[in-house]
Visitor: 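Encoded as structure tokens, here's the structure I'll be asking about.
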Amino acid sequence: MDSRVQLQQLSMSFGDFTAVHPLDLDIRSGEFFSFLGPSGCGKTTLLNIISGFLTPTSGTVTIGGEPMASVPANKRPTSMIFQNLALFPLMTVAENIEFGLEVRGISKPERRKVSDRLLELVDLTGSGDKRIDDLSGGQKQRVAIARALAVEPRVLLLDEPLSALDLKLRQHMRSELKEIQRRTEITFIYITHDQGEALTMSDRVAVMSAGRLQQVDEPMTLYQNPATPFVAEFVGENNRIAGEVVGNDNGRVQIKHPSLGVLEGISTEAMAPGTACSLYVRPERLRLVGEDASPVNRLQARLDVVNFEGAFLMLESSIEGLSDPLKIQTEHSTMPASLTKDHPVSLVFDPADALVMPESAAEGGGHAQGLD
Amino acid sequence: MLKALTDRFGLPVSVTILLLLWFWLIVLVILPQLIMIDYSFRPNLLPAQMGGPEDGYTIGNYQTLANNDIHRTIFFKTIWSSILVTFLTLVVCYPVAYFLAQLASTRQAMLIALLLVIPYWINEILRTFAWYLILAFQGPLNAVLLGLGFIDRPIRFLSGDSGVLIGMVYAYLLFMVFPLYNALESLDPNQVRAARNLGAGTIRTHWRIIIPHAKPGIATGCIMTFMLAAGSYAVPALLGSPGSRWFTQIIYNWFFEGGDWHMGAAYAFVLLILCIGFIALVMKVFKIGLGDIGR
């Protein structure tokens, strides 16, 4: 079954507002693919275009090699799980699941077989005759999944379906969704603003901002090698130090900050001296050290906040000349007991852990606004 | 309940409100009805015969209706035509209400609501007269249909039932549109999208998702329209012909032309019982309670 989804030169405008700038994207057959971005970045618009609820201003959608331009929403091989689930409250659980088959004229006994099988898949065996209102949030979620799978879609579209659940259930449903995807081999296209969801479940993630694709990559690559300042700041925690390029040799870049002096990082781009740039270093890459540590990339800061996060501590420390506090993630064991609030600390980071990017690396970076 | 009322408005105001309410309910609604029922079971006597041997309870008035072929026919025809009016009104109003509730932009919705309501600022008799003019043999509707070539000779709309049906559907539009609108407005648009996403076409989406959701609104609209149609006097009097007499006209005749209030009361009571029966039936069929109608 070919369930590749290709978007070619796809764009969408509402009046003067461009929700999606022209983009090309190839989603592989059987892939768990996520669109990640803040609300208003255009990800929901893309989902509505793929499902056929919206007609793109330009460009084409192809599913399994077939162009979708002339295929209406109710004839597409896609199935959607809505953010509010949109289960039919006047039908029983089984009737909900069987609705898509009823539409296709499949006989009642056949339909019952399918719904029984799907109820088993989502671990709700025997709940077919229940009313929707009698189910818990997690059970409704699973009925929505079963209903969407009943029509045997080639592509399953998920519009932030876990956002209404509590944390424990959300984490449980993550692994369940991933498991269902593995078993059914359907292409999953998942929309979320929650990077945890996107990073844990997806084969690949497209980070979007202001209607543009910022980066399409595997979760690990997104985290370790962000392509734009937006991705560096949006995916995971990051510390940003703005400066100006002063030296550059073989991927090693020296930048100068007016009050912190010269810092060193790595870059994939050749940047001429004088270029405005940002240096990004993750909280877990900043280390607390004694006064005698190496002078390269050493920062003197004052400890402001110690946040207990369970498995680790997240410290916030301020440095004169930096507007935002630096975040440092550290183990309980490496945290000297003598360190308390308002204590001076020394921090270092390895140049190999610091990524330097020119200030205007990507067009349309920064936070988006407008339609979701 | 009483405590909540006194807490809110103080004792004197609460007592006044309750007394007025009970006065209205007992003196202006229940008592007159009871007197009418009492009337309906007594013969129409000359003043001289009152208190005499013939002055007693009888079901003679009801027997008159049962034995009079013409009146009986008109009675059943009124019921049947009212059902037809109700059905036609539903068919006309459903698309309007759906558009208003789900598809229209705020501007469009306001404009349509305004266009629907403005004619109702005019008295019902005048509105019905306007239809009398429109539907006349040499009126504008026939002229337009002739001009467009749909018909070769004018139609006598006003000689059969069609004039009455058109007039009534129009007269009671709002009583159907607004309950439907209320019900449809609360439908989550994602329900429609979900049905479509699962492959349902327009008709099936309406039949399986939207109409079941709108059921309480449909029932309320149908009950109101039926009651108004069955009890209508002005529309059949103005737009009807001798062949399309309405039962209310017979009742009117007994009261004001025949001068026989007893007979009129019996006829009116039968109509009332029938209307209540219809409401009960509709509520049972649509599986709704009294509370749903009040909404």
Side-chain angles (χ1 to χ4, degrees), chain A residues 14-15 44 47-48 50-54 71-92 95-106 111 114-115 118 132 140 143-153 155-161 164 189, chain B residues 90 94 97-99 101-109 179-222 282-289 291-293 295:
Chain A
F14 301 98
T44 302
L47 201 71
N48 283 330
I50 297 171
S51 66
F53 290 133
L54 282 177
V71 183
N74 58 340
K75 304 282 183 212
R76 292 200 180 188
T78 60
S79 196
M80 177 118 121
I81 297 179
F82 291 83
Q83 188 165 13
N84 66 354
L85 304 183
L87 293 172
F88 305 131
L90 300 174
M91 298 184 194
T92 65
E95 284 172 332
N96 262 279
I97 297 173
E98 292 166 23
F99 183 77
L101 304 172
E102 178 194 320
V103 168
R104 286 161 177 75
I106 289 163
R111 275 164 19 206
V114 174
S115 67
L118 285 167
I132 296 298
K140 283 183 192 166
V143 174
I145 294 169
R147 183 178 75 173
L149 291 176
V151 296
E152 297 185 355
V155 181
L156 192 67
L157 307 168
L158 303 101
D159 185 6
E160 309 209 18
I189 300 182
Chain B
L90 177 62
Y94 180 80
Y98 183 70
F99 180 80
Q102 290 282 328
L103 306 176
S105 66
T106 317
R107 262 180 76 94
Q108 287 171 324
L180 284 181
Y181 171 81
N182 268 345
L184 288 168
E185 207 249 329
S186 65
L187 178 71
D188 170 15
N190 273 347
Q191 295 268 309
V192 177
R193 283 161 34 116
R196 202 163 160 67
N197 183 255
L198 291 166
T202 309
I203 293 172
R204 191 185 297 265
T205 306
H206 278 273
W207 188 246
R208 292 285 276 132
I209 309 295
I210 303 169
I211 292 178
H213 176 86
K215 222 169 59 174
I218 293 173
T220 309
C222 284
V282 170
M283 280 167 54
K284 201 166 169 57
V285 168
F286 283 86
K287 295 196 187 80
I288 57 162
D292 295 316
I293 298 170
R295 266 188 275 159

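Only this structure's heavy atoms are used, side chains among them; waters, hydrogens and symmetry mates stay out. In the text below, chain A, chain B and the rest are named by the order of the sequence lines, each starting its count at 1.
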Visitor: Nearest heavy-atom pair of A/Leu90 and B/His213: which atoms, and what distance?
Guide: CD1-N, 3.7 Å
Visitor: Between A/Asn48 and B/Arg193, is a side-chain contact (heavy atoms from CB on, under 4.5 Å) present by the stated rule, with each step listed?
Guide: CA-CA 10 Å; A/Asn48 283 330; B/Arg193 283 161 34 116; 3.4 Å; yes
Visitor: Would you call B/Asp188 and A/Phe82 a side-chain contact if the rule is heavy atoms closer than 4.5 Å?
Guide: no
Visitor: Select, from A/Lys75, A/Met80, A/Arg104, the one with the greatest count of heavy-atom pairs under 4.5 Å involving chain B.
Guide: A/Met80
Visitor: Would a 4.5 Å heavy-atom cut-off, applied to side chains only, mark B/Arg196 and A/Pro72 as touching?
Guide: yes
Visitor: Need one label for A/Phe88: side chain, backbone, both or neither, based on atoms under 4.5 Å from any heavy atom in chain B.
Guide: both
Visitor: Can you tell which part of A/Leu87 gets under 4.5 Å to a heavy atom of chain B, answering side chain, backbone, both or neither?
Guide: backbone
Visitor: Has B/Gln102 got more than 12 heavy atoms of other residues, nucleotides or ligands less than 6.0 Å from its CD?
Guide: yes
Visitor: For the atom pair CZ (B/Arg204) and CD (A/Glu102), what is the distance rounded to the nearest 0.5 Å?
Guide: 5.5 Å
Visitor: Quick check on B/Asn197 against chain A: is it the side chain, the backbone, both or neither that has a heavy atom closer than 4.5 Å?
Guide: both
Visitor: Which pair of heavy atoms, one from A/Asn84 and one from B/Asn190, lies closest together, and at what distance?
Guide: OD1-ND2, 3.1 Å
